[in-house]
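Counting starts at 1 for both ligands and their atoms, following the listed order. Note that the numbering runs from 1 along the sequence shown for the chain.
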Amino acid sequence: MMPMLSAAPESPRNRAPIRRLVLIGFMGAGKSAVGPWVARALGWKFVDLDDEIARREGVPVPEVIRRRGIAHFRRVESKIGKQVLKRPYRVLSVGGGWAAQPGHMALLDGVALSVWLQVRPATALARIRASTLTRPLLEVKDPLPTARALLRERTPHYEGSRIRIGTEGKSPETVAREVIERAGPKVGLSLPESVAHDNKKGCEGST
Ligand code: S3P
């Protein structure tokens, strides 16, 4: 049975319905893989902020960073992120550095439901190695200490998320089911019993 959308609940802050869901987390957490599943379940559109940046800059994000520098990338990321957040009925996945930029997490207050997909540095690196997209910030001789330091520095920002979901040992589809189960009701999705039940069976414990 398909999950049903009911009237969106009101957020406590401004009493406007929450019509955006933002997937946050470190590189390799699976945000871009999980997002389309969640968007499909909600009947919303999926936007990957890095893809949007690449489209507007005319080159993939690693090239934007290499050719124009990280400061330029952060400016563009911030500007386009704010534009995308104005559009309702969107599941947005943001790059791992977005949440750690000043004022970004506060942009979500009362506007979007934030979901932090958690990953350990070693797992993140293994997933990144298996993917086609490079991450310039981790292109160093020994990336593990760099990944650990970056994650440590960003964790206080990620902790501002409303929902946390562990992704270790889970497929993107399994993580997506967990996101839909936990976040769906907060954005007006009513889940039939069977979905919630299947979901519990298919997941390892969240962290
Ligand atoms: C970055 C994460 C990347 C991308 C860029 C910078 C970061 O996105 O935005 O390489 O600073 O953590 P993913 O988190 O999707 O890998």
Nearest-contact summary for atom 10 (O) of ligand 1 - protein heavy atom, Å: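 Residue, atom and distance for the closest contact: Ile65 CD1, 3.7 Å.
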
Atom 13 (P) of ligand 1: the protein heavy-atom neighbour that sits closest, reported with distance to 0.1 Å: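 The answer is Lys31 NZ, 3.7 Å.
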
The one among Val64, Leu133, Asp50 that brings a heavy atom closest to atom 3 (C) of ligand 1: Asp50

Of the listed options Arg135, Arg74, Met27, closest to atom 11 (O) of ligand 1 (non-hydrogen atoms):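 It is Arg74 that holds the nearest heavy atom.
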
Heteroatom proximity flag, Arg154 to ligand 1, N/O under 3.5 Å: yes

Arg66: side chain to side chain contact (heavy atoms under 4.5 Å, CB included) partners, not counting sequence neighbours: Pro62, Glu63, Thr134, Pro136, Glu139

Side chain, backbone, both or neither: Leu137 near ligand 1, heavy atoms under 4.0 Å: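 Leu137 to ligand 1: side-chain contact only, backbone stays beyond 4.0 Å.
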
Part of Phe73 with heavy atoms under 4.0 Å of ligand 1, whether side chain, backbone, both or neither: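 For Phe73, the contact with ligand 1 is made by the side chain alone.
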
Interatomic spacing from CG in Leu21 to CZ in Arg90 - rounded to 0.5 Å: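 It comes to 13.5 Å.
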
For the student: nearest non-hydrogen atoms of Arg68 and His72, plus distance: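 Looking at all heavy atoms of both residues, the closest pair is O-CB, 3.3 Å.
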
Where Gln101 and Gly97 come nearest, the two heavy atoms and their spacing: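 Taking Gln101 first and Gly97 second, the nearest heavy atoms are NE2-O, 3.1 Å.
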
Glu181 and Arg177 ion-paired at < 4.0 Å: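 Arg177 and Glu181: not salt-bridged.
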
Heavy atoms from other residues, nucleotides or ligands near CZ of Arg154 exceed 12 (cutoff 6.0 Å): yes

